Amino acid sequence: MQEKYLPTAIEAAAQAHWNATRAFNVAVDPAKPKYYCLSMFPYPSGKLHMGHVRNYTIGDVLARWHKMRGYNVLQPMGWDAFGLPAENAAIQNKVPPAKWTYDNIAYMKKQLQSLGFGLDWDRELATCRPEYYKWNQWLFLKMLEKGIAYKKTQIVNWDPVDQTVLANEQVIDGRGWRTGALVERREIPGYYLAITKYADELLADLEKLPGWPERVKLMQANWIGRSEGVRFAFPYELDGKAEKLWVYTTRADTIMGVTFVAVAAEHPLATHAAKSNPQLAAFIEECKHGSVMEADLATMEKKGLPTGLFVTHPLTGEKVPVWVGNYVLMGYGEGAVMGVPAHDERDFAFAKKYGLPIKQVIAVPGQRFSLEAWQDWYADKEKGVCVHSGKYDGLNYQQAVEAIAADLAALGLGEKKVQFRLRDWGISRQRYWGCPIPIIHCASCGDVPVPEEDLPVVLPEDCVPDGSGNPLNRREDFLACTCPKCGRPARRETDTMDTFVDSSWYYARYCVAPATREKNDRMVDEGTAYWMPVDQYIGGIEHAILHLLYSRFWSKVMRDLGLVAYDEPFANLLTQGMVLNHIFSRRTEKGGIEYFAPDEVELKRNEAGQIVGATLKADGSPVDYGGVGTMSKSKKNGVDPQALIEKYGADTARFFMMFASPPEQTLEWSDSGVEGAYRFLKRVWAFGYQLKQQQASTGASGLRREIHLLLKQANYDMAKLQFNTVASACMKMLNALEKAPADPHAREGFSILLRVLSPIAPHITHALWIELGFGEDILKAPWPEPLEEALAQEEQELVLQVNGKLRGAIRVKVGADRTAIEAAALASPEAQKFMAGQPAKKVVIVPGRLVNIVV
RNA sequence: GCCGAGAUGGCGGAAUUGGUAGACGCAGCGGACUCAAAAUCCGCCGCCGCAAGGCGUGAGGGUUCGAGUCCCUCUCUCGGCACCA
């Protein structure tokens, strides 16, 4: 046995062993309980970042832990390989996205292997491979047949210079990222998936997910946003024709307080009014500039202009002015909203700004309505009753809504309606590097689906985008085809699918047997019946809504097509926190900000160890410390996992990641913390070396009880997925062992330490397990459980409090009754001192913990 | 703006879910070993106070024998907002 800890050699040997024994290649085995452990697959951006290392270490700890406890564990890996960054790289380097992507995959796969993750590489997939995306296309056609997929117009960011659609990320301060041109909102046709048809089930089934964090379920529920309200119309006349302006509201009880109606810039009424009103036309044009992002719309200044048109209030018959508002979006609901300034905060501000009347129609007893400023109770629907509302006066929220809905219905002008905030999923992207939408455009037959037997529609892999639109539009060999219906020459659709489509079902594809994959005549096979649902899904909190919701929806569609049997794809979810690092920067002479990597900088500390400044190592000039933030290229605060692995080994990287903070919290990078992890593993190795040389003595200490107590704690924490305290328990075990290396139970204790540590640091524990002769393969060793006999004790310590303040401790026999404990407590010198001769009013005893004497 | 989460020593974090606040580690300080350094090992380490003791979990209030943990108000930080993945 080597005296020195040599991670490089140890890790290579352990990985070779796992490969040779096919330790992580699994098959369906009905005799064993299964455990499907899945980490969100990476986008192949070039190399792994620390977020990946953290994500996959968490997964691997769980996978190895379950394997040692007898589960048949599936842990697969693949590549979310389509997406915008490949096109950006192509623009920069003039390399086809396909080549860039495949090169990245090859490099990142090596990195994953060097970290020792127990992955079944036989099941690897990449979403940019035709054999995978064929099934995106196939399911899309099925959805078309069932009416779940359909075509309508969508609003996109349009760069007028590059003549191309921009992603939200490519819009910076309202301008195109490459051209700097003011971005316009533009309507173009696109395909949608009717996720709203599943809104009710997606909401209700959140209750079937006890293994999901409450906050994620809450975010999803709020995103789906079920609301009960009233859809109703304001009648009006246009060019002599009777028309209706529809709106939706959850506050029908305030309908008598409507003093205006606001419509979107794209609304037909606005368009009509603009024809004879140049000022309005200019305003509408202005509204069309700017991004389509909701956050921008919500924070921008609310502006409006009257159209000069009026509609009729459906209940009072009064004339209500119609305004165009920049905050009303055509894509949401009806593209028009009623304005009730007295009881809606946004309408209140709008009315104040433009001098519109504010009419109070809700009163809360004891509160005085004032036009001075908005007060929160104006929007109250619990305590409020209707006033100034004619026949509805005195009704509460529920009564008023019922009465008003009934009256509107009688007039044929409205009805109660359940509405969702959730919108249908637009999947068309005007981009090259994605899954082609399998549609053919024929001059005489229209949009014709590609016949199933012609799938997949293969994306040519040699295009190099230049930023000026989708290069597929210039590929005659891709575009030219014949219409499946009439056989005449036709053109292929060049839009590709949103990459969220690719990631909505990959977890099911991993379950497919190799033979099915080979033939590729089915999207999924019987493997899903055994492996699905995923027992533990792990990924970033940033996916809490979209990816997870789309995957849930896609699963339900597959279920309704009879492809799978499960309702929900992910039984348990762990949302891991981000990896942060220190940020150093300074102002440049030009007024910009220059960032410095943490290893270019030296920290200055005061006597207490507080950071008081930082200087550049190169020339000693001062830089500003900007706290911590997510690792990013632009801030130069990323840490390359590869350098870390090469310097310390995979086990150190894994151990630090697990130890530094609990999985769900953010993790702050610390070079000295990594050193600490390395130091610990060196001590583990050194202790193993020492233990191998020496003979055990007979002088038993408290070591055994201590180790088993720590084991109990570690198992409890492991079940809670709190790996930082599991790592800490390992450190405590080693501290205890180092204090009593000659204890007769030292070997037993070390074997427990190795097994508890092995999911986190699998290589070093694999090597030591063999060196010390505990067995052939620690992966096959049973997970340790604490022994009652080792934990037993005769006496225990109870904390002594007087009036809730800690004053000392008493020792009592285990199982002592209340009287005995109380007597011991009252007799103790600390109690005597702090009771100061006063009698005890009450003695609170918490068994096994404390005694509190109240005087 | 809306939805969600968080705040504990110089730092990362722990606290068996209402019962000894600061486990474990990092940094710092002191010492041993060394020609020296690194590595390693030992000790100290919330704040105030000579001490007895007091104070202390973002701020303010409340419930309780007892609050980091529960309730109310506020501040700040982070994640998401539908074409980044």
Side-chain angles (χ1 to χ4, degrees), chain A residues 40 42-43 45 80 83-85 154 156-157 165-171 213-216 218-219 221-223 225 292-300 327 331 345-346 421-423 425-431 498-500 503 540-547 549-550 575 577-578 580 603 605-612 627 629-630 656 659-662 664-677 679-680 682-683 686 712-713 716-717 722 724-725 727-732 735 797-801 803-806 808-809 841-844 846 849-850 852-854:
Chain A
M40 289 181 186
Y43 177 79
S45 55
D80 188 13
L84 204 53
Q154 52 179 351
V156 295
N157 301 306
V165 175
L166 298 177
N168 282 338
E169 160 182 271
Q170 298 170 317
V171 179
E214 282 307 317
R215 57 176 167 152
V216 174
L218 236 172
M219 281 192 262
N222 288 336
W223 185 263
V292 299
M293 287 167 74
E294 199 190 293
D296 292 340
L297 293 167
T299 49
M300 73 185 177
Y327 61 94
E345 191 170 1
R346 192 175 61 182
R421 206 188 75 96
L422 180 69
R423 310 198 295 265
W425 174 14
I427 58 156
S428 291
R429 298 290 179 271
Q430 297 68 43
R431 271 182 258 295
D498 179 5
T499 55
F500 274 125
S503 56
I541 180 71
E542 66 273 18
H543 294 293
I545 296 177
L546 291 179
H547 162 61
L549 193 65
Y550 291 147
T575 49
M578 323 252 289
L580 313 178
L603 291 175
R605 293 171 189 277
N606 65 13
E607 282 176 11
Q610 262 168 301
I611 299 173
V612 290
T630 51
F656 169 72
F659 177 66
S661 69
E664 305 219 88
Q665 278 183 38
T666 55
L667 182 148
E668 277 185 32
W669 191 257
S670 153
D671 285 327
S672 46
V674 175
E675 290 277 355
R679 213 173 290 154
F680 168 69
K682 277 195 288 190
R683 277 169 57 207
K712 194 176 173 186
Q713 183 67 47
Y716 177 84
D717 290 343
Q722 195 172 294
N724 56 324
T725 48
S728 147
C730 292
M731 289 175 144
K732 290 178 189 175
N735 289 346
E797 195 179 77
L798 297 182
V799 164
L800 176 69
Q801 294 183 341
N803 285 339
K805 281 189 191 291
L806 174 69
K841 270 190 218 157
K842 187 174 168 187
V843 179
V844 180
V846 182
R849 256 184 209 289
L850 64 69
N852 186 16
I853 302 168
V854 187

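All chains are named by letter (A, B, ...) in the order of the sequence lines, taking the proteins before the strands, and each is independently numbered beginning at 1. These numbers were taken from a predicted model, which means no experiment stands behind them.
With distances taken from any side-chain atom of A:A295 to the nucleotides B:A27, B:A85, B:C81, the minimum falls on B:C81. Side-chain proximity of A:M219 to the nucleotides B:C3, B:C24, B:C84 is greatest for B:C3. Nearest to the side-chain atoms of A:S672 among the listed nucleotides B:G4, B:C26, B:G79 stands B:C26. Checking B:A21, B:G4, B:A82 against the side-chain heavy atoms of A:L806 singles out B:A21 as nearest. Here the side chain of A:E294 is nearest to one of B:A82, B:A23, B:G13, namely B:A82. Taking every side-chain heavy atom of A:P662 into account, B:G13 is the closest of B:G13, B:C41, B:G79. Of the candidate nucleotides B:U20, B:G1, B:C24, B:C24 has the atom nearest to the side chain of A:M731. Listed candidates were B:A5, B:C84, B:C65. Nearest to the side chain of A:N852 is B:C65.
Between A:K732 and A:V844, the residue anchored nearer the 5' end of RNA chain B, judged by the nucleotide with its closest heavy atom, is A:K732.
Listed pair A:N724 / B:A14 meets the phosphate criterion, a side-chain N or O lying under 4.0 Å from OP1 or OP2. Side-chain N/O atoms of A:K805 include one lying less than 4.0 angstrom from OP1 or OP2 on B:C55. Distances shown here put every side-chain N or O of A:Q665 at or beyond 4.0 Å from the OP1 or OP2 atom of B:G6.
Between the CD atom of A:E668 and the C1' atom of B:G13 there is a distance of 10 Å, given to the nearest Å.
Not a single donor-acceptor contact under 3.5 angstrom links the side-chain atoms of A:N222 to the base of B:C3. Taking 3.5 Å as the limit, the base of B:U16 and the side chain of A:R849 contain a donor-acceptor pair of atoms between them.
One distance of note links CZ of A:R421 with CH2 of A:W223; it measures 5.0 Å at 0.5 Å rounding.
Ring geometry for A:F656 versus A:W669: interplanar angle over 60°, hence perpendicular rather than tilted (30 to 60°).
Regarding the sugar-base torsion, B:G28 falls in the anti class, its angle being beyond 90° of 0.
Across all strands shown, A:L850 has heavy atoms under 4.0 Å from base atoms, whether or not it also approaches the sugar-phosphate. Residue-level contact check: A:V156 touches the bases, meaning some heavy atom is under 4.0 Å from a base atom. Residue A:W223 is in base contact, counting any heavy-atom pair closer than 4.0 Å across all strands shown. Backbone-only contact: A:R679 has heavy atoms under 4.0 Å from sugar-phosphate atoms and none from a base. Within the nucleic acid shown, A:Q801 comes within 4.0 Å of at least one base atom, counting heavy atoms only.
Applying the side chain to side chain donor-acceptor pair (under 3.5 Å) test to A:T666 and every residue at least two apart in sequence or in another chain returns nothing.
In this model, no donor atom of one side chain and acceptor atom of the other lie less than 3.5 Å apart for A:E675 and A:S672.
When base pairs are accepted only as Watson-Crick or G-U wobble with both N-N or N-O distances under 3.5 Å, RNA chain B takes part in stems of 3 or more pairs at B:1-7 with B:75-81, B:10-12 with B:24-26, B:28-32 with B:40-44, B:46-48 with B:53-55, B:58-62 with B:70-74.
Here salt bridge (Lys or Arg N to Asp or Glu O under 4.0 Å) pairs that include residues 664-673 of chain A, with residues two or more places apart or in two chains, are A:R215-A:E664.
A:H547 is listed as a side-chain neighbour of A:M40, based on a closest heavy-atom distance under 4.5 Å.
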Given A:V799 and A:L806, is the side chain to side chain contact (heavy atoms under 4.5 Å, CB included) satisfied, shown in steps?
CA-CA 7 Å; A:V799 164; A:L806 174 69; 3.4 Å; yes
